[in-house]
> 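I am attaching a structure below and will ask some questions about it afterwards.
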Amino acid sequence: HIGAYEVEHNESKITFIDTPGHAAFTDMRARGANVTDIVILIVAADDGVMPQTQEAISHAKSADVPIIVAINKCDKKEANPKKIKEQLLSEDLVVEDLSGDIQCVEVSAETGENIDKLLDSVIVQSEFSELKSNNETYAEATVIEANIDKGRGPICNIIVTNGKLSIGDIAVAGSEYGKVRAILNDKGDNLNEAFSSMPVQVLGLNNPPEAGDSFVTVESDEKAR
């Protein structure tokens, strides 16, 4: 399962997509899909740069998106953040402490230390990157994953990347299509509408599309009249 969820920090909303090593993300990359505006590279302070870290760095560079380094487990006695920052140099990642331009935050998921600072860094990076969207146009989204539920039919998990998605909209995702009959947020609540950057679950397509497929709403003959 892929987790995508939204948090609010200092009156700004941030959407996180979890487990980027999931097979679906490989499919998404193969289709050229990219739903991440910022990559948070998590490195354990007691482990250092591992092969999976190098793979994540490669993916981030391929996507050509900014990276924020989060050095986790800094509450541990054996934590050595300075060593991590030096190891990242060999991956061409130079953090601000070493006169680079990559933000680096030392955190602890266990104690919650500096998590607020990490969220601040995301907001700063989004402002620097001038990330913008239009919530008044037809919805554009990317499929994260999709499957068939025996009771509800095809279910599609998407990230809205632009525009507004509403109940009753006609949607096309890859080679599949249908009328949106339900929208649920990351907490399972029913919504009438979803806007840019929101992770939602959509019901109403005829079949499940593929991970990485483009999901768009179109004007129907009924709406045109």
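Please read all numbers here as calculations on a predicted model, not as lab measurements.
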> Rounded to the nearest 0.5 Å, how far apart are CD1 of I123 and OG of S12?
4.0 Å
> Would a 4.5 Å heavy-atom cut-off, applied to side chains only, mark I102 and C104 as touching?
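Side-chain contact under 4.5 Å: no.
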> Begin with the C-alpha distance, continue with both residues' side-chain angles, and end with the deciding distance and a verdict on side chain to side chain contact (heavy atoms under 4.5 Å, CB included) for I38 and S126.
CA-CA 8 Å; I38 299 167; S126 69; 4.3 Å; yes
> Do K73 and E110 have side chains that get closer than 4.5 Å, going by heavy atoms?
no
> For side chain to side chain contact (heavy atoms under 4.5 Å, CB included), just list the numbers for M198 and L191, CA-CA rounded to whole Å, side-chain angles, deciding distance to a tenth of an Å, and then say yes or no.
CA-CA 11 Å; M198 291 180 63; L191 306 175; 3.7 Å; yes
> In terms of hydrophobic clustering (I, L, V, M, F, W, Y; side-chain heavy atoms under 4.5 Å; direct or indirect links), are F128 and I67 co-clustered?
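No: no chain of side-chain contacts under 4.5 Å links F128 to I67.
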> Does the side chain of I158 come within less than 4.5 Å of L165's, by heavy atoms?
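Contact flag for L165/I158 side chains = yes.
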> Nearest 0.5 Å please: distance from the NZ atom of K164 over to the OG1 atom of T137.
10.5 Å
> Looking at every heavy atom in both G48 and I84, which two are closest together, and how far apart are they?
CA-CD1, 3.1 Å
> May I ask you to check whether over 12 heavy atoms, not counting those of F195, lie within 6.0 Å of atom CZ?
yes
> Any idea which heavy atoms bring G178 and L205 closest together, and the distance?
N-CD2, 3.7 Å
> Donor-acceptor pair, N185 side chain versus K187 backbone, under 3.5 Å?
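Side chain of N185 to backbone of K187: a pair is present.
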> Under 4.5 Å between side-chain heavy atoms, counting indirect links through other Ile/Leu/Val/Met/Phe/Trp/Tyr residues: same cluster for I167 and V160 or not?
yes
> Return the minimal non-hydrogen interatomic distance between D213 and G174, and the atom names on each side.
OD2-CA, 3.6 Å
> If I take atom CD1 from residue I40 and atom CD1 from residue I17, how far apart are they, to the nearest 0.5 angstrom?
11.0 Å
> Just wondering, do P208 and N147 contact through their side chains at under 4.5 Å, heavy atoms?
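Not in contact.
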> So which atom in S214 and which in V216 form the shortest heavy-atom distance, rounded to 0.1 Å?
OG-CG1, 3.7 Å
> Taking N157 for the side chain and P199 for the main chain, is one N or O donor matched with an acceptor at less than 3.5 Å?
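Between the backbone of P199 and the side chain of N157 there is no qualifying donor-acceptor contact (under 3.5 Å).
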> Are I68 and F16 grouped together when hydrophobic residues (ILVMFWY) are joined by side-chain heavy atoms under 4.5 angstrom apart?
yes
> Scan residues 125-142 for pairs that pass salt bridge (charged side-chain N to carboxylate O under 4.0 Å, His left out), counting only residues two or more places apart or in two chains.
none
> Quick one: pull up OG in S121 and CG in D116 and give me the separation to the nearest 0.5 Å.
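Here the interatomic distance stands at 11.0 Å.
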> Would you indicate whether the side-chain heavy atoms of K13 and T15 approach each other to under 4.5 Å?
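The answer is no, as the side chains (C-beta and beyond) never meet within the 4.5 Å cut-off.
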> Would you say S108's side chain and E113's backbone share a donor-acceptor pair under 3.5 angstrom?
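Checked: no pair found.
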> Using the rule that Ile, Leu, Val, Met, Phe, Trp and Tyr join whenever any side-chain heavy atoms are under 4.5 Å apart, tell me whether V7 and L118 fall into a single cluster.
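V7 clusters together with L118.
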> With a 4.5 Å limit on heavy-atom distance, are the side chains of C156 and V143 in contact?
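Yes; the side chains approach each other to less than 4.5 Å.
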> Going only through I, L, V, M, F, W and Y residues with side-chain contacts under 4.5 Å, is there a path from Y5 to I42?
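Shared cluster, yes.
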> Minimum heavy-atom separation for E106 and N114, please, with both atom names.
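Closest heavy-atom pair between E106 and N114: O-ND2, 2.7 Å.
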> Could you walk me through whether V105 and D120 satisfy the side chain to side chain contact (heavy atoms under 4.5 Å, CB included) test, starting with their C-alpha distance in whole Å, then the side-chain angles of each, then the deciding distance to 0.1 Å, before giving a yes or no?
CA-CA 10 Å; V105 187; D120 287 338; over 6 Å; no
> Can you measure from CD1 (I115) to CG (N72) and round to the nearest 0.5 angstrom?
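Atom-to-atom, I115:CD1 and N72:CG are 7.0 Å apart.
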> In Å, rounded to the nearest 0.5 Å, how long is the span from CD1 of I155 to CD of Q201?
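So the gap between those two atoms works out to 5.0 Å.
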> So, using side-chain hydrogen bond (donor to acceptor under 3.5 Å, both in side chains) as the criterion, who are the partners of S129 when residues are at least two apart?
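If we apply the side-chain hydrogen bond (donor to acceptor under 3.5 Å, both in side chains) test to S129, skipping adjacent residues, the hits are Q125.
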> Do other residues, nucleotides or ligands put more than 12 heavy atoms under 6.0 Å from the CG atom of D189?
yes
> Starting from the C-alpha separation in whole Å, work towards a yes-or-no answer on side chain to side chain contact (heavy atoms under 4.5 Å, CB included) for V202 and F215.
CA-CA 11 Å; V202 176; F215 179 109; 4.2 Å; yes
> I'd like a table of donor-acceptor pairs (distance under 3.5 Å, sequence neighbours excluded) in which one partner is a side-chain atom from residues 88-101, with atom names and distances.
unit_1 : atom_1 : unit_2 : atom_2 : d
S90    : OG     : Q87    : O      : 2.7
E91    : OE2    : Q54    : NE2    : 3.0
D97    : OD2    : K85    : NZ     : 2.4

> State whether the number of non-hydrogen atoms from other residues, nucleotides or ligands found under 6.0 Å of N190 atom CG is greater than 12.
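It does: N190 CG has more than 12 such atoms within range.
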> Could you tell me which non-hydrogen atom of L184 sits nearest to which non-hydrogen atom of R152, and how far apart they are?
CD2-NH1, 4.1 Å
